[in-house]
Amino acid sequence: TGYYGDGLNAIIVFAACFLPDSSRTDYNYVMENLFLYVISTLELMVAEDYMIVYLNGATPRRRMPGLGWMKKCYQMIDRRLRKNLKSFIIVHPSWFIRTILAVTRPFISSKFSSKIQYVNTLAELREMIPMEYVHIPDSIVKKKTQKKCLLLFFLVSRTSCLSNDPEMTSVEQE
C-alpha cells in the first residue's frame with residue numbers, strides 16, 4: 001500500500017502470489033474471508049480516489065483466483081468504491097487473465113473496463129506511479145530477474161556457439 005498525488009490518494013497493492021493454494025480443503029472459506037477483509041480495509045482506507053495494482057508475476061495457476069470468485073467480488077463491491085477506483089493496473093498479466101477479462105468484458109460496466117490497464121514490466125509500472133511507497137515482493141522481482149537472466153544466458157550461449165561454428169564465422173567476416 002502507498003499513496004500518490006497531492007491529495008495522498010491510496011495505492012492498494014495486491015500480490016496474487018500470496019493467495020492460498022486452490023487445493024486447500026478450506027479454500028472457499030479462506031477466499032471469502034480474505035475478500036471481506038480486503039473490502040473492509042478498503043472502506044477504512046479509501047476516502048477519495050484510489051488505484052489497485054494487481055501483481056500477477058510469480059503466481060502459479062493454482063493460486064490465481066477463479067472466475068466465480070472474481071465475479072462475486074465485483075458484485076459485492078460498494079458503488080462508492082467502484083466509483084472512486086481510478087485505475088486497476090494488472091502487472092505481468094498472463095494469457096489466462098487477459099482471456100478471462102476479454103470474455104467477461106460484455107458483463108462488466110464499460111466504466112470499470114476502461115479503468116483496467118495492463119503493464120508488462122515493473123519499469124513500465126514505475127513510469128505510471130511513484131514506487132517509493134509501493135512494496136513489490138521479492139519473489140516477483142526475483143522471478144522476473146531470473147527469466148531475464150535465463151534469456152540473456154540463452155542468447156549469450158547461442159551467440160558463442162554460433163561464433164565457434166566455422167560457417168557462421170565466415171559469414172560474420174564477410
Side-chain angles (χ1 to χ4, degrees), residues 1-22 27 31 34-35 37-39 41-42 45-46 48-152 154-155:
T1 306
Y3 294 93
Y4 70 99
D6 295 333
L8 292 178
N9 299 315
I11 300 173
I12 311 300
V13 179
F14 189 79
C17 62
F18 295 129
L19 289 174
D21 194 303
S22 60
Y27 179 76
M31 290 299 283
L34 174 64
F35 173 72
Y37 172 77
V38 169
I39 291 300
T41 303
L42 277 175
M45 287 183 64
V46 175
E48 298 290 326
D49 298 342
Y50 71 105
M51 69 173 55
I52 295 177
V53 176
Y54 175 80
L55 301 172
N56 191 59
T59 304
R61 172 69 187 101
R62 67 184 186 277
R63 290 190 185 270
M64 286 187 200
L67 180 58
W69 186 79
M70 288 190 280
K71 179 182 175 188
K72 184 178 177 181
C73 291
Y74 178 74
Q75 291 171 339
M76 289 179 65
I77 293 174
D78 180 73
R79 183 187 178 290
R80 178 185 68 86
L81 287 176
R82 276 188 278 195
K83 183 181 166 206
N84 288 354
L85 178 66
K86 293 304 166 199
S87 185
F88 185 81
I89 301 170
I90 301 172
V91 183
H92 305 125
S94 64
W95 66 269
F96 176 75
I97 297 251
R98 288 180 186 263
T99 303
I100 291 294
L101 288 173
V103 169
T104 58
R105 188 156 275 178
F107 308 105
I108 300 173
S109 78
S110 59
K111 284 184 181 179
F112 183 77
S113 292
S114 68
K115 297 175 184 183
I116 298 172
Q117 298 177 317
Y118 297 117
V119 174
N120 294 312
T121 65
L122 294 175
E124 278 181 60
L125 183 63
R126 275 187 203 89
E127 292 174 10
M128 297 173 72
I129 62 172
M131 297 292 287
E132 58 268 12
Y133 301 111
V134 177
H135 174 71
I136 306 294
D138 289 339
S139 59
I140 292 172
V141 174
K142 288 178 185 174
K143 181 90 171 184
K144 292 301 166 187
T145 304
Q146 287 172 349
K147 283 184 179 180
K148 286 179 185 174
C149 289
L150 287 174
L151 177 61
L152 181 61
F154 174 75
L155 291 172

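Just so it is clear, the values below take in all heavy atoms, side chains as well, and ignore hydrogens, waters and symmetry mates. Counting begins at 1 with the first residue of the sequence. This is a predicted model, so every value here is computed, not measured.
The line from NZ of Lys83 to CG of Asp49 is 9.0 Å long, rounded to the nearest 0.5 Å. In this structure, Phe18 CZ and Leu34 CG are separated by 13.0 Å, a value rounded to the nearest 0.5 Å. To the nearest 0.5 Å, the span separating CZ on Arg98 from CD1 on Ile90 amounts to 8.5 Å. Taking CZ of Arg126 as the reference point, atom CE of Met131 lies at 5.5 Å (rounded to 0.5 Å).
Side-chain atoms of Val38 and Ile12, non-hydrogen and from C-beta on, never get closer than 4.5 Å to each other. Within the 4.5 Å cutoff, the side chain of Pro137 has no heavy atoms near those of the Val13 side chain. By the 4.5 Å heavy-atom criterion applied to side chains, Met128 and Ile89 are counted as neighbours. No side-chain heavy atom of Thr59 sits less than 4.5 Å from a side-chain heavy atom of His92.
Gln117 and Ser87 get closest at one heavy-atom pair: OE1-OG, 3.0 Å. Residue Tyr27 comes nearest to Ser22 through the heavy atom pair CD1-CA, 3.4 Å, listed as atom of the first residue, atom of the second, then distance. Contact record, Asn56 with Ser94: ND2-N, 3.4 Å, taken as the closest heavy-atom pair. In terms of heavy atoms, Ile11 sits closest to Pro130 at CD1-O, 4.3 Å. The two residues Gly57 and Cys17 have their closest heavy-atom pair at O-CB, 4.1 Å.
Under the 3.5 Å distance criterion, the side-chain polar atoms of Lys115 are matched with a main-chain donor or acceptor of Leu85. At least one donor-acceptor pair closer than 3.5 Å links the side chain of Arg63 to the backbone N or O of Leu19. In this structure, the side chain of Thr99 does not engage the main chain of Ile97 through any donor-acceptor pair within 3.5 Å. Proximity of a side-chain donor or acceptor of Tyr50 to a complementary backbone N or O of Leu42 within less than 3.5 Å is not detected.
Taking the six-membered ring where tryptophan is involved, the planes of Phe88 and Tyr54 are essentially parallel, since the angle between them stays under 30° and well short of 60°.
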Working for side chain to side chain contact (heavy atoms under 4.5 Å, CB included), residues Met51 and Ile129: CA-CA 10 Å; Met51 69 173 55; Ile129 62 172; 3.3 Å; yes
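In this structure, Arg61 is positioned above the aromatic face of Phe96, its NZ or CZ under 6.0 Å from the six-membered ring centre and within 45° of the axis.
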